[in-house]
Amino acid sequence: MDHMKKVGSSSCNDGVLLRMGLNDNKAGMQGLDKEKINKIIMEATKGSRFYENELKKDQQVNQRIEKMMQLKEKITTQQLLKAQLQVDKLVIELEQSRNLSSTIVHIDMDAFYAAVEMRDNPELKEKPIAVGSMSMLSTSNYHARRFGVRAAMPGFIAKKLCPHLTIVPLNFEKYGKVSKEVREILTEYDPNFMPMGLDEAYLNITEHLEERLNWPEDKRRFFFNTESATEKDKDDINMSAKCNEGGYSFSPVLFEDNTPLMDDHPEQRDRSVENSVIFGTSAEEVVKEIRFRIEQKTQLTASAGIAPNTMLAKMCSDRNKPNGQCRIAPERQAVLDFLKDLPIRKVPGIGKVTEKMLKALGIVTCSELYQQRALLSLLFSESSWRNFLDISLGLGSTHLEKDGERKSMSTESEINTAEDQYNLCRELCRDLAQELQKERLK
DNA sequence: ATACATACC
DNA sequence: TACTGGTATGTAT
């Protein structure tokens, strides 16, 4: 009868918009005229190969949803009750093993590439800019986000949304350099910190916090950067000092409750006490210190999240962006409060597709995810529903994986056997075939 | 076992 | 004109 037509057409517009329309999930994109923006995006994209392909993918997702809904219909009250008991048994176990003893920090540079480009070219400040090309943007500054311009959007569409947009080409070498500067700071707080790309990192500062308790104030004192360069990085600082003369000011946000802010004496260049600030021993203070040092060293701001595990820390760092920080206290209730009305889409690992599938089940927030735990255990694979359960309980990794022990590299004797050469050749042919197929699609 | 899909930066 | 490319992990066949 009307088998997949219903899902196909009724949620088609909705689905395609979800897939191709504006994703206002990112910081700085609240309260935009989404209707208008989506109209422009759709007009620019309609009829393209890309659009057709996305349509097809969306249909596939719809079919997956249809399958899931059929499965759901067949579930009896009995089965659901049984599932509820089993899942709740697991919930008790998980609760018992809940670990709130680690302090994990997620550091996220604000609009990183765009911020670097603005720092190095003051002309760009005050203007909406994006970094990338007409084909693809890597990031945009907050000004551009007001127009709906965001990362992963092609530049030519962004130009339609914001005709005055300046697109700066990528300069990875530069971003890598800045990233290295930031990492030099981070490693002091956790030598095993885990970088995620150039602009993000996780730190486990549990040990640092313990040691820090016994530190004298002098070890927690940091100086405002002045025109004179520090021993290292002379070149970089000289270059940026030029940009500063006009009136670069240090973020006031950091010092709401820290008094010694002295913007009246820019001529003071020595490392005098008035030119310094002392940070406390709490996790918040540590993170303020990290952010202060990053800003002093690079003139760029970062946002941060502090929480008992990586998942929560990441979501936390998003909360007060840009140039802010947020902490979830290491208490079960604080974790649950944070999750209560949080849309599942905010959770790392939950993207458009999973969002849509769960929405079909009436699940939008993390609390709803928890309420439906029994049903989910019957509809999804074990790894999926257990992941959903972890999310809804606010559980995540409390330590940072060392990727030290990768799968051992093949030794030279293993590489050059005839068999391996044959396999390599086969793989290359397969890849080539794949490429060709992709091309045909275009 | 392999291809295909989802998600992240 | 033009919708990334690399990596990790999960799903489907």
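In what follows, chains carry the letters A, B, and so on, assigned in the order in which the sequence lines appear, proteins first and then strands, with residues in each chain numbered from 1.
- Sorted by residue number, the members of residues 372-390 of chain A with any non-hydrogen atom under 4.0 Å from DNA chain C read S381(A), S383(A), S384(A).
- Looking at residues 131-145 of chain A, you'll see M134(A), S135(A), M136(A) sit with a heavy atom under 4.0 Å from some atom of DNA chain C.
- Summarising the geometry, the separation between CD1 on I65(A) and C1' on dA5(B) is reported as 14 Å, rounded to the nearest angstrom.
- The NZ-C1' distance, from K346(A) to dA7(B), rounds to 16 Å in whole Å.
- For the pair L170(A) CG and dG5(C) C1', the interatomic distance rounds to 12 Å; values are reported in whole Å.
- To the nearest angstrom, P of dT11(C) lies 8 Å from CE of M357(A).
- Comparing atom distances between the Q60(A) side chain and each of dT13(C), dA2(C), dA5(B) picks out dA5(B) as nearest.
- The two residues E52(A) and G47(A) make their nearest non-hydrogen contact at OE2-CA, 4.3 Å.
- Note on I350(A): only backbone sugar-phosphate atoms sit closer than 4.0 angstrom, heavy atoms only; bases stay farther off.
- Here the side chain of S392(A) pairs a donor or acceptor atom with the backbone of F388(A) at under 3.5 angstrom.
- S179(A) and R183(A) share a side-chain donor-acceptor pair at under 3.5 Å.
- Listed by first and then second residue, the salt bridge (charged side-chain N to carboxylate O under 4.0 Å, His left out) pairs involving residues 313-326 of chain A are D108(A)-K321(A), E200(A)-K314(A), D318(A)-K321(A), D318(A)-K346(A) (not counting sequence neighbours).
- With dC3(C), dT4(C), dT6(B) as the candidates, the nucleotide lying closest to the side chain of T45(A) is dC3(C).
- Contact between the side-chain N/O atoms of R64(A) and the OP1/OP2 oxygens of dT6(B) is found at a separation under 4.0 Å.
- Between T45(A) and M42(A) there is a side-chain heavy-atom pair separated by less than 4.5 Å.
- Residue K352(A) is in sugar-phosphate contact alone, with no base atom involved, counting any heavy-atom pair closer than 4.0 Å across all strands shown.
- Which of dC3(C), dC8(B), dT13(C) sits closest to the side chain of R345(A) comes down to dC8(B).
- Checking S282(A) against E285(A) by side-chain atom types alone, no donor-acceptor pair falls below 3.5 Å.
- With sequence neighbours excluded, no residue forms a salt bridge (Lys or Arg N to Asp or Glu O under 4.0 Å) with E123(A).
- For dC9(B), one of the phosphate oxygens OP1 or OP2 lies less than 4.0 angstrom from a side-chain nitrogen or oxygen of K314(A).
- In this structure, E54(A) atom CD and dA2(C) atom C1' are separated by 15 Å, rounded to whole Å.
- Taking atom P in both dA7(B) and dA2(C), the straight-line distance is 27 Å, to the nearest Å.
- Atom pair Q63(A):CD and dT11(C):P shows a separation of 18 Å (rounding to whole Å applied).
- For the side-chain hydrogen bond (donor to acceptor under 3.5 Å, both in side chains) condition, the pairs that include at least one residue of residues 329-339 of chain A, sequence neighbours left out, are E95(A)-R332(A), Q333(A)-D337(A).
- Following rounding to the nearest Å, E355(A) (CD) and dT6(B) (C1') show an atom-to-atom distance of 13 Å.
- Between the C1' atom of dA8(C) and the CD atom of E200(A) lies a distance of 15 Å, rounded to the nearest Å.
- Remark: D190(A) engages N192(A), F193(A), L203(A), N204(A), L400(A) in a side-chain contact (heavy atoms from CB on, under 4.5 Å) (not counting sequence neighbours).
- Using cut-offs of 30° and 60° on the angle between ring planes, the pair F224(A) and F292(A) is perpendicular.
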